[in-house]
Student: 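Here it is, the structure in full.
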Protein chains: 2
Amino acid sequence: MNRRPKIKDIAEALGVSSATVSRALSGSDLVTEETRARVREAADALHYRPNASARSLRTARSMAVLMVVRDVGNPFYLDILKSVEATARAAGYSVLMGNTENDPEREIEYFDMLRDGHADGMILMTGKLPAQEGARNRLPPNAPIVVALETIEGSGFPHVQIDNVAASCEAVEHLIGLGHRRIAHISGPVPEVMSLRRQEGYRRAMRNAGLAIAEGYEQRGDYLLHGGAAACKALFELAEPPTAIFVANDEMAFGAVHHLREIGRDVPGDVSVVGFDDLYLSEAFYPPLTTVRQPRTDIGRKAMGMLLEMLSGAAVPREPVVLPATLRVRGTTAPPKTE
Amino acid sequence: MNRRPKIKDIAEALGVSSATVSRALSGSDLVTEETRARVREAADALHYRPNASARSLRTARSMAVLMVVRDVGNPFYLDILKSVEATARAAGYSVLMGNTENDPEREIEYFDMLRDGHADGMILMTGKLPAQEGARNRLPPNAPIVVALETIEGSGFPHVQIDNVAASCEAVEHLIGLGHRRIAHISGPVPEVMSLRRQEGYRRAMRNAGLAIAEGYEQRGDYLLHGGAAACKALFELAEPPTAIFVANDEMAFGAVHHLREIGRDVPGDVSVVGFDDLYLSEAFYPPLTTVRQPRTDIGRKAMGMLLEMLSGAAVPREPVVLPATLRVRGTTAPPKTE
DNA sequence: CTGAAAGCGCTAACAG
DNA sequence: CTGTTAGCGCTTTCAG
């Protein structure tokens, strides 16, 4: 026999029923210790592996989860992917990658994959629900979906995130504490919720300190290297450029530092920069980037953990789970030059 | 009715057979244009989605591929993942992530997932076959597996890679051309094939130029940031440290540069460094890293393309597909100090 | 403790 | 062009 063995083959070889084999393999105690051993042995000998689709069809579970991000190419998701994968794996689940490229159409496709049984649950790291109202209505009431990093307002899904407002506020307060007054902000793409929140943190810190936000000090970015450089350029073409910049993510911060170096400004001597995220390589940069650390590993683990609970029918918190973000002061921030 | 609709539901609603519905939905031309339209309409109205496991069971295809890497957390794989995902998606396949952490046990698990129908094909980016002889023998003769980046000698699988020896040789020749004589090498974990090849390129360039490799000038690394720093430290504790280092990947190169800065050596003033890979952020580093660019996007696309061909029964080249790697000269290399 | 039998939802012969 | 039927491989009642 040269085809893939199935349960029936083992059953026949052993002269038992396929039900018994199935039970023995699943470790049911409705089977003699002895039969179980014999079955296991035979299965090993034949290199038996249960057919995934047959099992899924029967049990109505795929044992896979979907992790959907805005851009698989973004290094930011790496640690999250890693901890999601590890947590999923430990529970016997595989991870399917979803990549939306911010395209609502594609987002719908992933919701569909959930419906059609490709995956049992989903971790969503995109900032919104597909606009097409259909998508949402088609979801079962308690769909096994966890939103991580981002916020989907009014969705009713459990959330795992950090307090973006407070963390940003803290970052800007660090700059203020150093003595900076002319502090600018390079934001993400507003009006996305996350970008808005970081912007709000910036504004709050400035307001609390009684500092005005000068005209042109709020530049809109795109979370990408080049966007950070471009926004920084705009800032330094102003009549009165800032002495410090709070940038909404590390990648743009690198772009900004790069640009500053090109126009001959020293970081942190001439201008201070603080980022957000604490990418893997941020510490190895020169100068090492002062930034807000998102606990990415914890976020992934927590999100996947909650998803697993939902999958096993447990209730999960309706309130967003907020994990702590911490400011990492490193080499790109210093007191302003006293002239 | 509140459960997921199935084909039968549509069939009954329309008064046709489920076979007709199935055919209409799959766009078969064995169905009147009119019936097809009616079926499509009804399916849309009910938000019908075919059950993935049932279809897989019946067709014996999962429409998923497995991408297996040594470490999902490594940014190096990002571009490849991205292009693999895009190519797979365009052909209707989803991508399952596999992470081996260099553990042969886990590698076997992924081979098993292929066998049990979780995926139809696999892109392997780990440097070896699981040692347990079983694993290999259990594979069907023409298993739909493509090896990318790495080399699995004697496996008979199609390969997509760059010429690591030639590329490394070129990198070292660049250093030699600049006037360096005391050139060291920080390798990956030997005796892995890829590490060995890059080392071989280094040795070949040295030999061709009639240069000796001093005692201790070959340091073994692990492809990680910290390992690069450690290896560099060892190099600079030698009586006669090198004036240039060829590092087997960018991540270790960053670590090395970081260490050099710490011990007060200027890069490239005091010592030149060349890396390998050209990570996304390598250009934004300071100084921008001179490195060998692997065409990661092309590698992913090509590997997935070949896998799709295999999946559709086409023959694929037995000879490794070799894609061009190019040296990117940037800011970490300069002529040696003339003393 | 074990076996027989049904059925998950779909597609593909095979008839008509 | 359409319907009937069988069956993919597994798990799970229901009997014994």
Side-chain angles (χ1 to χ4, degrees), chain A residues 1 3-40 42-43 46-64 92 112-120, chain B residues 1-40 42-43 46-64 92 112-118 120:
Chain A
M1 166 190 40
R3 38 179 244 304
R4 272 182 58 100
K6 39 185 168 182
I7 277 196
K8 211 174 155 207
D9 297 321
I10 305 182
E12 282 170 3
L14 258 46
V16 297
S17 78
S18 55
T20 301
V21 175
S22 171
R23 283 191 276 248
L25 256 19
S26 70
S28 157
D29 50 1
L30 290 174
V31 158
T32 335
E33 174 59 48
E34 194 221 325
T35 342
R36 213 183 310 168
R38 286 205 315 145
V39 169
R40 290 236 170 97
L46 292 172
H47 296 308
Y48 170 77
R49 288 238 93 206
N51 177 298
S53 338
R55 175 176 281 176
S56 293
L57 177 57
R58 183 60 232 240
T59 60
R61 324 190 83 216
S62 63
M63 296 307 281
D112 283 343
M113 285 183 67
L114 208 59
R115 275 173 48 82
D116 69 22
H118 269 109
D120 298 331
Chain B
M1 165 191 41
N2 213 1
R3 41 181 240 303
R4 270 181 61 98
K6 41 185 167 184
I7 277 196
K8 213 174 155 205
D9 298 321
I10 305 183
E12 282 169 2
L14 259 45
V16 297
S17 78
S18 55
T20 300
V21 174
S22 171
R23 282 191 278 250
L25 256 19
S26 71
S28 157
D29 50 1
L30 291 173
V31 158
T32 334
E33 176 57 49
E34 193 221 323
T35 341
R36 213 183 310 166
R38 286 204 315 146
V39 168
R40 290 237 170 97
L46 292 171
H47 296 309
Y48 170 78
R49 286 239 95 207
N51 178 298
S53 339
R55 175 176 279 176
S56 292
L57 177 57
R58 184 60 235 239
T59 60
R61 324 191 85 217
S62 63
M63 296 308 281
D112 283 344
M113 285 183 68
L114 209 58
R115 277 174 46 85
D116 67 23
H118 268 109
D120 298 331

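Just so it is clear: chains get the letters A, B, ... in the order the sequence lines come, proteins before strands, and each one is counted from 1.
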Student: Counting only N and O atoms by type, is there a donor-acceptor contact under 3.5 Å from the side chain of A:T32 to the main-chain atoms of A:E34?
Tutor: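 Side chain of A:T32 to backbone of A:E34: no pair is present.
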Student: Tell me the interatomic distance from A:R58, atom CZ, to C:dA5, atom P, rounded to whole angstroms.
Tutor: 16 Å
Student: Using whole Å, report how far NZ of B:K8 lies from P of C:dG7.
Tutor: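 So the two atoms are 10 Å apart, to the nearest Å.
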Student: Closest approach to the side chain of A:R23, judged atom by atom: which nucleotide of C:dA4, C:dG9, C:dA13 is it?
Tutor: C:dA4
Student: Can you tell me how far the CG atom of A:L57 sits from the OG atom of A:S62, to the nearest 0.5 Å?
Tutor: 12.0 Å
Student: Looking at every heavy atom in both A:D29 and A:R36, which two are closest together, and how far apart are they?
Tutor: CA-NH2, 4.0 Å
Student: How many angstroms lie between CG in A:L114 and CG in A:D120, if you round to the nearest 0.5 Å?
Tutor: 8.0 Å
Student: Nearest whole angstrom, please: distance from the P of C:dC10 to the CE of B:M63.
Tutor: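 Roughly 17 Å, once rounded to whole Å.
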Student: Walk along DNA chain D from 5' to 3' and tell me the first and last nucleotide with an atom closer than 4.0 Å to a non-hydrogen atom of chain B.
Tutor: D:dC1 to D:dG9
Student: Name the residue closer to the 5' end of DNA chain D, choosing between A:T20 and B:S17 according to the nucleotide with the nearest heavy atom.
Tutor: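 On the 5' side of the pair lies B:S17.
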Student: Round to the nearest Å and state the distance from A:L30 atom CG to C:dC1 atom C1'.
Tutor: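 Result: 7 Å.
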Student: Without decimals, in angstroms, what is the distance between A:I7 CD1 and C:dT2 P?
Tutor: 15 Å
Student: Of B:R36 and B:T59, whose closest DNA chain D nucleotide lies nearer the 5' terminus?
Tutor: B:R36
Student: Nearest whole Å is fine: how far is C:dC10 C1' from B:R61 CZ?
Tutor: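 Between C1' of C:dC10 and CZ of B:R61: 16 Å.
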Student: Measure CG/A:L14 against C1'/C:dG3 and give the value in whole Å, please.
Tutor: 15 Å
Student: How far does CG of A:L14 sit from OG1 of A:T20, to the nearest 0.5 angstrom?
Tutor: 10.0 Å
Student: From A:I7 CD1 over to A:S22 OG, what is the distance, rounded to the nearest 0.5 angstrom?
Tutor: 4.5 Å
Student: Looking at A:R49 and B:D112, what are the two nearest heavy atoms and their distance?
Tutor: NH1-CB, 3.3 Å
Student: Students often get this wrong, so: under 4.0 angstrom with heavy atoms, is A:S22 touching a base, only sugar-phosphate, or nothing?
Tutor: base
Student: In whole angstrom, give the distance that lies between atom CG of A:D29 and atom C1' of C:dC1.
Tutor: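 Nearest whole value for this atom pair: 10 Å.
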Student: Using a 4.0 Å heavy-atom cut-off, does B:T35 contact any base of the nucleic acid, only the sugar-phosphate backbone, or nothing at all?
Tutor: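 Sugar-phosphate, no base atom in range.
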